[in-house]
Amino acid sequence: MVKALFPGSFDPFTNGHLDIAYRSAGLFDEVIIGVGTNLSKQYLFQTSEKIALIEQATAHLKNVSVVEMSGLTVDFMTKINANVLIRGLRNEKDYQYERDIAQMNQELGDVETVFLLAKPDHQFLSSSLLKEVASTGTDISKYVPNNIEKALNEKLGK
């Protein structure tokens with residue numbers, strides 16, 4: 001059985017993230033979305049809120065679960081018995097960044113990373129860009145799952 005971890009901060013979880021989760025669910029026996037904290041980022045949503053929102057958005061994917069993740073990714077993968085790390089790539093900048101992390105994870109924990117290319121209509125999406133656009137009251141419904149759009153608008157007072 002191949003268990004895969006799809007880690008991220010997901011603030012918010014976008015349709016690009018959902019697409020990677022959906023495609024991963026078709027490739028692996030079990031997919032765990034690990035909601036982590038990047039100390040260099042400021043978040044709009046609390047971890048528990050993100051987990052609940054992602055669970056709602058992925059409820060139709062029966063082999064996908066969502067958990068809080070902490071510590072080094074390789075250590076977390078050992079803890080949950082994951083075999084593969086999933087990362088989405090939007091562009092060459094993502095590739096350069098993720099390539100180095102994948103190599104470090106390979107060195108630290110013999111972790112295999114699988115890169116999934118973002119579909120063209122998701123290649124420009126980023127959580128930080130969506131938060132900025134949403135803060136102006138602009139409609140972002142085609143970029144995030146419905147439940148997340150609602151929560152984001154409530155959080156931003158829109």
Side-chain angles (χ1 to χ4, degrees), residues 1-90 94 97-98 101-102 105 108-109 111-116 118-119 121-122 124-135 139-158:
M1 181 168 126
V2 179
K3 185 187 287 190
L5 173 67
F6 177 27
S9 53
F10 306 115
D11 190 60
F13 192 76
T14 69
N15 283 341
H17 295 132
L18 182 59
D19 181 60
I20 296 294
Y22 177 81
R23 290 163 51 203
S24 297
L27 293 171
F28 303 105
D29 298 308
E30 184 179 351
V31 176
I32 298 169
I33 298 174
V35 179
T37 301
N38 181 335
L39 299 176
S40 66
K41 292 183 179 181
Q42 283 194 302
Y43 295 115
L44 189 59
F45 293 97
Q46 298 296 318
T47 300
S48 59
E49 292 174 304
K50 291 189 275 187
I51 289 171
L53 290 167
I54 297 167
E55 285 175 337
Q56 291 170 355
T58 60
H60 64 289
L61 302 173
K62 299 305 176 199
N63 62 334
V64 173
S65 59
V66 187
V67 299
E68 183 173 358
M69 187 178 107
S70 61
L72 281 178
T73 300
V74 294
D75 294 338
F76 187 74
M77 288 182 71
T78 299
K79 180 179 174 182
I80 64 169
N81 250 355
N83 317 83
V84 173
L85 183 64
I86 301 164
R87 298 300 294 162
L89 298 177
R90 294 170 295 178
D94 279 357
Y97 176 76
E98 295 292 346
I101 293 173
N105 287 335
L108 292 175
V111 169
E112 200 62 55
T113 301
V114 172
F115 296 116
L116 295 178
K119 291 185 176 177
D121 53 339
H122 299 140
F124 66 94
L125 288 179
S126 72
S127 295
S128 55
L129 178 60
L130 284 179
K131 283 188 285 195
E132 184 176 336
V133 171
S135 72
D139 179 16
I140 60 162
S141 60
K142 67 181 185 178
Y143 308 121
V144 294
N146 292 338
N147 69 311
I148 293 172
E149 176 195 18
K150 183 177 184 243
L152 188 55
N153 286 333
E154 285 175 9
K155 193 68 90 164
L156 294 170
K158 301 297 173 193

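Worth knowing before you read on, the calculation uses all heavy atoms, side chains too, and leaves out hydrogens, waters and symmetry mates. Throughout, residue positions are numbered sequentially from 1 according to the sequence presented.
With a 4.5 Å cut-off on side-chain heavy atoms, E68 and V35 do not count as touching. Contact check for F124 versus R90: no side-chain heavy atoms found under the 4.5 Å cut-off. Looking at F76 and V67, their side chains come closer than 4.5 Å, going by heavy atoms from C-beta outward. Here the side chains of L18 and I54 are not in contact, with every heavy-atom distance at 4.5 Å or above. Between I33 and S65, the closest side-chain pair of non-hydrogen atoms is not below 4.5 Å.
Atom CD1 of I101 is separated from atom OG1 of T73 by 8.0 Å, given to the nearest 0.5 angstrom. Note: N15 CG to Y22 OH = 13.5 Å, rounded to the nearest 0.5 Å. Between atom CD of residue E112 and atom CD1 of residue I86 there is a gap of 12.5 Å, rounded to the nearest 0.5 Å. From Q46, atom CD reaches atom NZ of K155 across 6.5 Å, with rounding to the nearest 0.5 Å. Separating the CE atom in M77 from the CD1 atom in I32 is a distance of 9.5 Å, to the nearest 0.5 Å. We find the CE-OG distance between M69 and S9 to be 9.5 Å, quoted to the nearest 0.5 Å.
Between A102 and T113 the shortest heavy-atom distance is CB-OG1, 3.7 Å. Nearest heavy-atom pair, N147 versus A57, reported as atom, atom and distance to 0.1 Å: OD1-CB, 3.8 Å. The shortest heavy-atom contact between P12 and F45 is CB-CE1, 4.2 Å. Of all heavy-atom pairs spanning G88 and D94, the tightest one is O-OD2, 4.3 Å.
For D75 (side chain) and G71 (main-chain N/O), no donor-acceptor pair under 3.5 Å exists by modelled atom type. The backbone N or O of D139 sits nowhere less than 3.5 Å from a side-chain atom of K142 that would complete a donor-acceptor pair. Here the side chain of D29 pairs no donor or acceptor atom with the backbone of K3 at under 3.5 angstrom. Although no hydrogens or angles enter the test, the distance criterion places a donor-acceptor pair under 3.5 Å between the side chain of R87 and the main chain of P7. In this structure, T58 contributes its side chain and L61 its backbone to no donor-acceptor pair below 3.5 Å.
For E132, there are no side-chain contact (heavy atoms from CB on, under 4.5 Å) partners, not counting sequence neighbours. N83 is linked by a side-chain hydrogen bond (donor to acceptor under 3.5 Å, both in side chains) to nothing, counting only residues two or more places apart in sequence or in another chain.
Counting non-hydrogen atoms of neighbouring residues, nucleotides and ligands closer than 6.0 angstrom, the CZ atom of F115 exceeds 12 such neighbours.
In this structure, K50 forms a cation-pi arrangement with Y43, its terminal cationic atom sitting closer than 6.0 Å to the ring centre and no more than 45° off the ring axis.
Using a 4.0 Å cut-off between charged nitrogen and carboxylate oxygen, D11 and K131 count as a salt-bridge pair. Between D19 and K119 a salt bridge is recorded (basic side-chain N to carboxylate O distance below 4.0 Å).
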* Under the side chain to side chain contact (heavy atoms under 4.5 Å, CB included) criterion, do L53 and F13 qualify, and how do the steps go? -> CA-CA 8 Å; L53 290 167; F13 192 76; over 6 Å; no
* Go through the steps to decide whether L152 and I140 satisfy the test side chain to side chain contact (heavy atoms under 4.5 Å, CB included), and finish with yes or no. => CA-CA 10 Å; L152 188 55; I140 60 162; 3.3 Å; yes
* Could you please spell out the steps behind the side chain to side chain contact (heavy atoms under 4.5 Å, CB included) verdict for Y143 and T14? => CA-CA 6 Å; Y143 308 121; T14 69; 5.9 Å; no
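Among the candidates V114, V111, L5, L27, the single residue satisfying the side-chain contact (heavy atoms from CB on, under 4.5 Å) test with V84 is V114.
F10 and H17 have perpendicular rings, their planes meeting at more than 60° on a 0 to 90° scale where under 30° would count as parallel.
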